[in-house]
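Values in this document were obtained by computation on a predicted structure and should not be read as measured data.
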Amino acid sequence: MSSTNSLDVLIQALRRLPGVGIKSAQRMAFHLLQHDRAGAQALARALDDAVGSVRHCALCHTFTQAEVCSTCLDPARDASRLCVVETPADQSALERTGAYKGLYFVLMGRLSPLDGIGPKEIGLQKLMERSTNGVVQEVILATNFNAEGEATAHVIGEALKSRGLHVTRLARGVPVGSELEYVDLGTIAHALVDRR
């Protein structure tokens, strides 16, 4: 197939999605064109609308259509707590638990020097300004538990502690419903250290 026809352009566009290879992109394209043209048009309209109207919240960086998101505007939220997450998807996961009622700051990434992502690229200065506003009492670091997430949490934690803020990190441990013999050793070790 030549790279100039519409089908190839569609397949290449679908490959931009995370975890989608050439075969998956082809299956999606063929399905939409063969079985669900109305769905394809709805998808195209939804993407066009979202790209044109969704932006970053002026306070927390999450996605919103307004200048400030509904979470930041909610007077029932605990403004003394600020939870730092890597992505809007991470924020959404925490919200679904119903266990956290504070505010957020979304980094839109994590530190990765090898990829050229440093403190400026993840908005560290804006986080420092937001967390040192005199209202925030605790900053909860909820970055992922991989090398980049740990490095990001460490850098942010040290910077905030030097400004006199109380900094905490999400606990790690054995997943609910699991059996110890099947849990990896690193998780068991962290669970022992972080026991309460």
Side-chain angles (χ1 to χ4, degrees), residues 18 50 53-113 115-178 183-184 186-196:
S53 64
V54 174
R55 60 198 210 181
H56 295 287
C57 172
L59 296 176
C60 74
H61 280 164
T62 197
F63 291 131
T64 183
Q65 285 186 268
E67 179 74 18
V68 177
C69 73
S70 59
T71 302
C72 288
L73 290 174
D74 185 351
R77 303 297 291 215
D78 180 359
S80 70
R81 290 188 173 162
L82 187 66
C83 183
V84 179
V85 295
E86 292 180 19
T87 66
D90 296 337
Q91 177 189 0
S92 179
L94 283 169
E95 278 297 288
R96 285 193 307 272
T97 69
Y100 179 69
K101 300 298 181 198
L103 297 175
Y104 293 93
F105 188 87
V106 182
L107 296 170
M108 291 297 179
R110 58 184 173 230
L111 295 175
S112 181
D115 297 321
I117 301 171
K120 287 182 183 176
E121 287 75 25
I122 63 169
L124 198 55
Q125 183 58 41
K126 193 165 185 172
L127 170 60
M128 293 302 142
E129 292 166 10
R130 176 117 191 256
S131 57
T132 56
N133 62 7
V135 177
V136 175
Q137 302 293 314
E138 176 187 12
V139 177
I140 303 163
L141 300 176
T143 56
N144 291 314
F145 290 104
N146 54 31
E148 292 92 354
E150 291 286 355
T152 303
H154 177 74
V155 168
I156 292 171
E158 292 301 311
L160 293 173
K161 286 176 191 173
S162 72
R163 288 169 170 79
L165 281 163
H166 178 61
V167 179
T168 58
R169 180 87 165 106
L170 285 185
R172 294 176 272 201
V174 178
V176 173
S178 63
V183 176
D184 68 277
T187 299
I188 293 172
H190 282 296
L192 281 169
V193 171
D194 295 337
R195 71 188 182 279
R196 56 186 169 108

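How far CG of L124 is from OG of S131: 8.5 Å, rounded to the nearest 0.5 Å. Between the CZ atom in F63 and the OG atom in S53 there is a gap of 11.5 Å [rounded to 0.5 Å]. Atoms CG and CG, on L82 and L103 in that order, are 6.5 Å from each other to the nearest 0.5 Å. Between atom CD1 of residue I117 and atom CG of residue L111 there is a gap of 8.5 Å, rounded to the nearest 0.5 Å. Rounding to the nearest 0.5 Å gives a distance of 11.5 Å between NZ of K101 and CG of D78. L59 contributes atom CG, which lies 11.5 Å from atom CD of E129 (distance to the nearest 0.5 angstrom).
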Practice problem: List the steps and the verdict of side-chain hydrogen bond (donor to acceptor under 3.5 Å, both in side chains) for D74 and T71. | Solution: CA-CA 5 Å; D74 185 351; T71 302; over 6 Å; no
Quiz item: Between Q91 and Y100, is a side chain to side chain contact (heavy atoms under 4.5 Å, CB included) present by the stated rule, with each step listed?
Solution: CA-CA 10 Å; Q91 177 189 0; Y100 179 69; over 6 Å; no
Practice problem: With side chain to side chain contact (heavy atoms under 4.5 Å, CB included) as the test, would you mind laying out the steps for R130 and C60 before giving the verdict? | Solution: CA-CA 9 Å; R130 176 117 191 256; C60 74; 3.5 Å; yes
Quiz item: Yes or no on side chain to side chain contact (heavy atoms under 4.5 Å, CB included) for N144 and D90, after CA distance, side-chain angles and deciding distance?
Solution: CA-CA 9 Å; N144 291 314; D90 296 337; 4.1 Å; yes
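L165 and V136 make their closest contact through CD2-O, 3.4 Å (heavy atoms, listed as atom of the first residue, atom of the second, distance). In plain terms, the two heavy atoms of H166 and Q137 that are nearest each other are CB-O, 3.4 Å. The two residues M128 and A159 have their closest heavy-atom pair at CE-CB, 3.5 Å. Taking both residues in full, the closest heavy atoms of Y104 and L94 are given as OH-CB, 3.7 Å, listed atom of the first, atom of the second, then distance. Counting all heavy atoms, side chain and backbone alike, R55 lies closest to A66 at NE-O, 3.5 Å. Of all heavy-atom pairs spanning E138 and I140, the tightest one is OE2-CG1, 3.6 Å.
Salt bridge absent: R110 and E150 never bring a charged side-chain N and a carboxylate O closer than 4.0 Å.
Sparse packing is recorded around CZ of R81, with 12 or fewer heavy atoms of other residues, nucleotides or ligands lying under 6.0 Å away.
V68 is not listed as a side-chain neighbour of T64, based on a closest heavy-atom distance of 4.5 Å or more. Considering only heavy atoms from C-beta on, M108 comes within 4.5 Å of P88 through its side chain.
The aromatic rings of H61 and F105 lie tilted to each other, with the angle between the two planes from 30° to 60°.
Judged purely by distance below 3.5 Å, without hydrogens or angles, the side chains of T143 and E86 never pair a donor atom with an acceptor atom.
Within the structure, no pair that satisfies the salt bridge (charged side-chain N to carboxylate O under 4.0 Å, His left out) test touches residues 156-166, not counting sequence neighbours.
A donor-acceptor pair under 3.5 Å is formed between the side chain of T152 and the backbone N or O of E148.
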